[in-house]
Amino acid sequence: MDKGMGIAGIAGRMGRLLAEEVPAAGARLVGGIDRPGTAAAGVRLFADIADLAAAADVVLDFTHAATAITHAKALAAAGTAWVLGTTGIDSAGEAAVRRAAERIPVVWAPNFSAGVTLMLALAERMAAVLPAAQYDAEIVEMHHRQKVDAPSGTAIGLGEAVARGRGVSLAEVRQSGRDGHTGPRPPGAIGFAALRAGQVVGEHTLLFASDTEHLALSHRAFDRRTFATGAVRAALWVEGKPPGLYAMTDVLGLGGGRP
Ligand code: NAD
């Protein structure tokens with residue numbers, strides 16, 4: 001890595017941790033960007049994503065879903081690798097990420113923790129073994145009160161893993177935010193429930209429930225540094241990779257789980 005790593009959203013909760021974890025991993029931090037007027041002590045602030053992309057080999061991006069299209073274009077134009085952690089990206093943003101991945105390597109993960117990455121791989125295997133006709137799949141997540149998107153990107157990632165394991169499309173079977181007279185649960189649905197309270201870093205449970213047994217897989221993150229160390233690991237891994245869209249399961253050598 002000749003130039004080093006840049007951070008988009010460097011003044012944010014994740015950005016500040018990344019600014020510690022990049023040098024801790026022995027990599028060079030070139031600086032970052034944040035919203036105009038935002039202060040970030042002790043790091044170089046670049047004017048915009050294009051400036052940062054030109055100065056870095058890889059950009060770690062933990063900002064806001066609204067940035068996806070601009071960042072995708074700037075990073076693809078500069079040929080800079082992209083470690084993308086921002087969640088809540090809509091379908092137009094996703095299309096821009098996929099277009100960028102034709103020109104640059106992109107590691108895109110709703111959750112960079114090793115534990116959740118393993119959970120995603122297990123979720124897919126469990127779903128392949130536990131038939132949808134007998135086992136209802138429900139995903140419950142809980143996060144801090146500041147979180148702006150629901151269900152969490154990780155919860156959706158788990159839903160997609162279950163859908164892949166069952167050979168269906170999540171969009172066709174997704175059921176979220178039940179309220180009022182909902183009618184009975186449709187067979188094969190993948191259900192989501194989101195709780196928002198206090199300063200919970202991130203809790204996810206995937207439940208498979210049949211008439212005769214329940215099996216639950218749970219993960220609890222109690223320090224968001226786990227996402228930062230995982231993202232830096234992805235940034236070190238992605239250096240020199242051919243263009244393409246990679247998942248954290250690729251970084252950990254688990255295979256499958258492509259976003
Ligand atoms: P945060 O609000 O603390 O930080 C986001 C930062 O991005 C802020 O400093 C904000 O000013 C900056 N920002 C917003 N728009 C910008 C723009 N247009 N240009 C430059 N900077 C901009 O939030 P956070 O908790 O650090 O989370 C950031 C994102 O990362 C969210 O989408 C969150 O869901 C996601 N996240 C992902 C993971 C993961 O492992 N993938 C883990 C934690 C958080």
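Both counts, for ligands and for their atoms, begin at 1 and track the order of listing. All values derive from a computational prediction rather than experimental measurement.
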Legend entry - Any A11 heavy atom less than 4.0 Å from ligand 1: yes

Inset, instruction - Begin from the C-alpha positions of F227 and V116 and carry the test side-chain contact (heavy atoms from CB on, under 4.5 Å) through to its verdict. - result: CA-CA 10 Å; F227 310 128; V116 162; 5.7 Å; no

Legend entry - atom 38 (C) of ligand 1: nearest protein contact (heavy atom, Å): F62 CE2, 3.5 Å

Inset, instruction - Kindly determine whether L158 and L120 satisfy side-chain contact (heavy atoms from CB on, under 4.5 Å), including the steps that lead there. - result: CA-CA 6 Å; L158 281 168; L120 289 168; 3.8 Å; yes

Inset, instruction - May I ask you to identify the nearest protein heavy atom to atom 39 (C) of ligand 1, giving residue, atom name and distance to one decimal place in Å? - result: P110 O, 3.4 Å

Inset, instruction - Please verify whether a non-hydrogen atom of K147 lies at under 4.0 Å from ligand 1. - result: yes

Inset, instruction - State, without any angle test, whether S218 and R220 hold a side-chain donor-acceptor pair at a distance under 3.5 Å. - result: no

Inset, instruction - Just need the protein heavy atom nearest to atom 4 (O) of ligand 1, so name the residue and atom and give the distance. - result: G12 CA, 3.3 Å

Legend entry - For A81, side chain to side chain contact (heavy atoms under 4.5 Å, CB included) partners two or more places apart: V58, P105, V238

Inset, instruction - Pick one of side chain, backbone, both or neither for how A109 approaches ligand 1, counting any non-hydrogen atom pair under 4.0 Å. - result: backbone

Legend entry - Nearest protein heavy atom with distance in Å, relative to atom 33 (C) of ligand 1: T87 OG1, 3.8 Å

Legend entry - Nearest protein heavy atom with distance in Å, relative to atom 2 (O) of ligand 1: R13 NH2, 4.0 Å

Legend entry - F112-ligand 1 polar pair, N/O distance under 3.5 Å: yes

Inset, instruction - Going by heavy-atom distance to atom 12 (C) of ligand 1, choose the closest among D34, T154, D149, L45. - result: D34

Legend entry - Heavy-atom check, side chain of Q199 versus side chain of Q146, under 4.5 Å: yes

Inset, instruction - Provide the full list of ring pair (Phe, Tyr, Trp, His ring centres under 6.0 Å) pairs with a residue in residues 188-223, sequence neighbours left out, each pair given once. - result: H143-H204

Legend entry - Option with minimal heavy-atom separation from atom 37 (C) of ligand 1, where the choices are G85, A221, A228, A40: G85

Legend entry - Side chain, backbone, both or neither: the part of A66 lying under 4.0 Å from ligand 1 by heavy atom: neither

Legend entry - Any side-chain heavy-atom pair of H64 and R35 under 4.5 Å: no

Legend entry - Numbered atoms and elements of ligand 1 in range of F227, under 4.0 angstrom, heavy atoms: 40 (O), 42 (C), 43 (C)

Legend entry - atom 28 (C) of ligand 1: nearest protein contact (heavy atom, Å): T63 O, 3.4 Å

Legend entry - Heavy-atom side-chain proximity of L254 to E124 below 4.5 angstrom: no

Inset, instruction - Looking only at distances, please establish whether an N/O atom of ligand 1 is found under 3.5 Å from an N/O atom of G9. - result: no

Inset, instruction - Return the option from H71, R35, H64 holding the heavy atom at the smallest distance from atom 22 (C) of ligand 1. - result: R35

Inset, instruction - Starting from atom 18 (N) of ligand 1, find the nearest protein heavy-atom neighbour and note its residue, name and distance. - result: T67 CG2, 3.2 Å

Legend entry - Under 3.5 Å: donor-acceptor pair, side chain of E141, backbone of S152: yes

Inset, instruction - Flag the pair R98 and E94 as a salt bridge only when some basic side-chain nitrogen lies within less than 4.0 angstrom of an acidic carboxylate oxygen. - result: yes

Inset, instruction - Evaluate the side-chain proximity of L18 to V232: yes if any heavy-atom separation is below 4.5 Å, no if none is. - result: yes

Inset, instruction - Measure the distances from the heavy atoms of G88 to every atom of ligand 1 and state whether one is below 4.0 angstrom. - result: no

Inset, instruction - Dump the intermediate steps for side-chain contact (heavy atoms from CB on, under 4.5 Å) on I156 and L170, then the final yes or no. - result: CA-CA 9 Å; I156 295 169; L170 179 61; 4.1 Å; yes

Legend entry - Nearest-contact summary for atom 44 (C) of ligand 1 - protein heavy atom, Å: M14 CG, 3.7 Å

